[in-house]
Asks: 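Below are the structure tokens for one structure; questions will follow.
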Amino acid sequence: MNIEELVKNMLQTIVPNLNKRILIFLTGGTVNAEILLNILADYDGHQYDIVISESGRESLSEAAVEALKGNRLNSFSELKDALKKADFILIPVMTRNTLAKAALGIEDNLVTTGIARALMSNKEVFAVKDSFSSEHPINRAMDLAHNTAYNSMLKSYEYQLETFGLKFIELEEFKTVIQNKRDTDLPLKKSPALKAAEQATETVTANRKVKLDSSILTLGDLRGCENAEIIQVKAKTIITPLAKDFINSNRVKLEWIHD
């Protein structure tokens, strides 16, 4: 399965219905950027409002941006209005620069201001992490992922934003979801991390359950669940790495609910 198929399945998971109003923030990252924009352009039923940073204008193909047929925002008043109307916010390319600024609450351009305002308003915000991730093969090949301390700093920014409610998407995490979409009657295939989390809590006998309906489970969704013994999620829910860490460290049993 190639990267385009992974992204298409990702978008079908988070934007399954037409006529959604989506606010898109475009920055200057290059990892999978053109692919992501081309796929977004295929969803004609959606209304896109687009904010492009200065670095985004320099690095992204104008043709790819034009293909989105979106309304470009150039002022704070336009951004403020778009935030109110947006069903959710999508950041197809989250650069390391934008990651750091957003985590620290810096608002120095329309993109970082929009991200901050969206989080403060509890809007649903999704960001693709390939561009900043130290684990991505392109970043490793470009010698941008060999400093352990620097990588830890990036991870701390990711953690901070997840606590704010931002949902990071790692494309490889969709493989299990995609496989299980082929036949809903087949047993759910779980990642090794999730299997370990369940095996570690087999002795749990209490019946304190928390049901979470999020299609993408993040650390922010798990706030307040520290004392839960069982967390119920839908069968096709995507679990982010930091959410997996929480499940493991708190010895929580994960229970999958099939629709």
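Being a predicted model, the structure only gives us computed values, none of them experimental.
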Asks: Would you give the length of the straight line joining atom CD1 of Ile231 to atom OG1 of Thr237, rounded to the nearest 0.5 angstrom?
Replies: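 The OG1 atom of Thr237 is 11.5 Å from CD1 of Ile231, to the nearest 0.5 Å.
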Asks: State, with a plain yes or no, whether a side-chain heavy atom of Val65 is found less than 4.5 Å away from one of Ile52.
Replies: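 Yes, side chains in contact.
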Asks: Could you tell me if the side chain of Ile22 sits less than 4.5 Å from the side chain of Ile89, heavy atoms only?
Replies: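 Counting from C-beta outward, Ile89 and Ile22 never come under 4.5 Å.
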Asks: Would you please indicate if the ring centroids of Tyr159 and Phe164 are separated by under 6.0 Å?
Replies: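 No, the ring centres sit 6.0 Å or more apart.
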Asks: Do Glu62 and Arg72 meet the salt-bridge criterion of a basic N to acidic O distance under 4.0 Å?
Replies: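 Counted as a salt bridge, because a side-chain N and a carboxylate O are separated by less than 4.0 Å.
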Asks: How far apart are the closest heavy atoms of Ala82 and Asp49, and which atoms are they?
Replies: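 Reported closest heavy-atom pair: CB-OD2, 3.8 Å.
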Asks: Kindly give the heavy-atom pair with the smallest separation between Pro92 and Leu90, and that separation in Å.
Replies: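 Result for this residue pair: CD-O, 3.4 Å.
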Asks: Would you check if Arg21 and Tyr48 make a side-chain contact, meaning some heavy-atom pair closer than 4.5 Å?
Replies: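 The answer is no, as the side chains (C-beta and beyond) never meet within the 4.5 Å cut-off.
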Asks: Please name the pair of heavy atoms, one in Phe168 and one in Lys129, separated by the smallest distance, quoted to 0.1 Å.
Replies: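 That closest heavy-atom pairing would be CD2-CB, 4.2 Å.
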Asks: Show the numbers, then the answer: is there a side-chain contact (heavy atoms from CB on, under 4.5 Å) between Leu83 and Leu23?
Replies: CA-CA 7 Å; Leu83 280 168; Leu23 177 55; 3.5 Å; yes
Asks: Can you see which heavy atom on Ala102 is nearest to which on Ile115, and at what distance?
Replies: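 Of all heavy-atom pairs spanning Ala102 and Ile115, the closest is CB-CG2, 4.0 Å.
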Asks: Measuring only between side-chain heavy atoms, which start at C-beta, is Met94 closer than 4.5 Å to Phe126?
Replies: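 SC-SC contact between Met94 and Phe126 ruled out.
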Asks: Does a salt bridge link Glu158 with Lys155, judged by any charged N lying under 4.0 Å from a carboxylate O?
Replies: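 Salt bridge: yes.
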Asks: Quick one: pull up CG in Leu212 and CD in Gln232 and give me the separation to the nearest 0.5 Å.
Replies: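 Rounded to the nearest 0.5 Å, the CG-CD separation comes out at 9.0 Å.
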Asks: Taking atom OG of Ser134 and atom CZ of Arg96, what is their separation to the nearest 0.5 Å?
Replies: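 One gets 6.5 Å once the value is rounded to the nearest 0.5 Å.
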Asks: Does a side-chain heavy-atom distance below 4.5 Å link Leu166 with Glu162?
Replies: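 With C-beta onward as the side chain, the pair stays apart.
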Asks: Any idea which heavy atoms bring Lys167 and Ile216 closest together, and the distance?
Replies: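 Minimum heavy-atom contact is NZ-O, 3.4 Å.
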Asks: Is there side-chain contact between Phe76 and Thr113, with at least one heavy-atom pair below 4.5 Å?
Replies: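 In short, these two side chains touch, coming nearer than 4.5 Å.
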Asks: With rounding to the nearest 0.5 Å, note down the distance linking CG in Asp87 to NZ in Lys123.
Replies: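 Output value for this atom pair is 7.0 Å.
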Asks: Main chain of Ala145, side chain of Asn139: is a donor-acceptor contact present, judged purely on distance under 3.5 Å?
Replies: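 Answer holds: no.
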Asks: Indicate whether the side chain of Thr148 and that of Asn151 have a donor and an acceptor atom separated by less than 3.5 Å.
Replies: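 Per modelled atom types, Thr148 and Asn151 side chains form no pair under 3.5 Å.
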Asks: What verdict does the side-chain contact (heavy atoms from CB on, under 4.5 Å) test give for Leu26 and Ile50, after you've listed the backbone C-alpha separation in whole Å, the side-chain angles of each residue and the deciding distance to 0.1 Å?
Replies: CA-CA 7 Å; Leu26 296 177; Ile50 306 170; 3.7 Å; yes
Asks: State which residue, out of Lys209, Lys211, Lys234, fulfils the salt bridge (Lys or Arg N to Asp or Glu O under 4.0 Å) condition with Glu255.
Replies: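 Option passing the salt bridge (Lys or Arg N to Asp or Glu O under 4.0 Å) with Glu255: Lys209.
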Asks: Once you round to the nearest 0.5 Å, how far does CG of Asn97 lie from OG of Ser55?
Replies: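 That separation rounds to 7.0 Å.
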Asks: Take Asn109 and Thr112 through the side-chain hydrogen bond (donor to acceptor under 3.5 Å, both in side chains) test and state the conclusion after the steps.
Replies: CA-CA 6 Å; Asn109 56 44; Thr112 54; 3.0 Å; yes
Asks: Whether the side chain of Asn71 engages the backbone of Gln47 through a donor-acceptor N/O pair (distance < 3.5 Å, no angle test) should be reported.
Replies: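 Absent.
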Asks: I need the Leu254 CG to Ile239 CD1 distance, nearest 0.5 Å.
Replies: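 Those atoms lie 5.5 Å apart.
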Asks: For the pair Arg117 and Glu107, find out whether any cationic side-chain nitrogen is under 4.0 Å from an anionic carboxylate oxygen.
Replies: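 Salt bridge present between Arg117 and Glu107.
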Asks: Hey, quick one: are Val51 and Met120 part of the same hydrophobic cluster, counting side-chain heavy atoms closer than 4.5 Å, chains of contacts allowed?
Replies: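 As far as the 4.5 Å side-chain criterion goes, Met120 and Val51 are not connected within one cluster.
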Asks: Does some side-chain heavy atom of Val125 sit less than 4.5 Å from a side-chain heavy atom of Ile91?
Replies: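 In contact.
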Asks: Using a strict cut-off of less than 4.0 Å between a Lys/Arg side-chain nitrogen and an Asp/Glu carboxylate oxygen, indicate whether Glu229 and Lys253 qualify as a salt bridge.
Replies: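 No, this pair does not count.
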Asks: So, Thr163 versus Gln160: side-chain donor-acceptor pair below 3.5 Å or not?
Replies: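 Yes - a donor-acceptor pair under 3.5 Å links their side chains.
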Asks: Can you check whether Leu99 reaches Leu161 side chain to side chain, under 4.5 Å on heavy atoms?
Replies: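 Sidechains of Leu161 and Leu99: in contact.
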Asks: Compare every heavy atom of Leu222 with every heavy atom of Ile247, then report the nearest pair and how far apart it is.
Replies: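 Ile247 and Leu222 have their closest heavy atoms at CG1-CD1, 4.4 Å.
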Asks: Going by side-chain hydrogen bond (donor to acceptor under 3.5 Å, both in side chains), Lys101 matches just one of Thr27, Asp108, Thr95. Which one?
Replies: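 Looking at Thr27, Asp108, Thr95, the match for Lys101 under the side-chain hydrogen bond (donor to acceptor under 3.5 Å, both in side chains) is Asp108.
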Asks: Would a distance-only check, ignoring hydrogens and angles, find a side-chain to backbone donor-acceptor pair under 3.5 Å from Glu226 to Gly224?
Replies: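 Pair found, side chain donor or acceptor close to backbone of Gly224.
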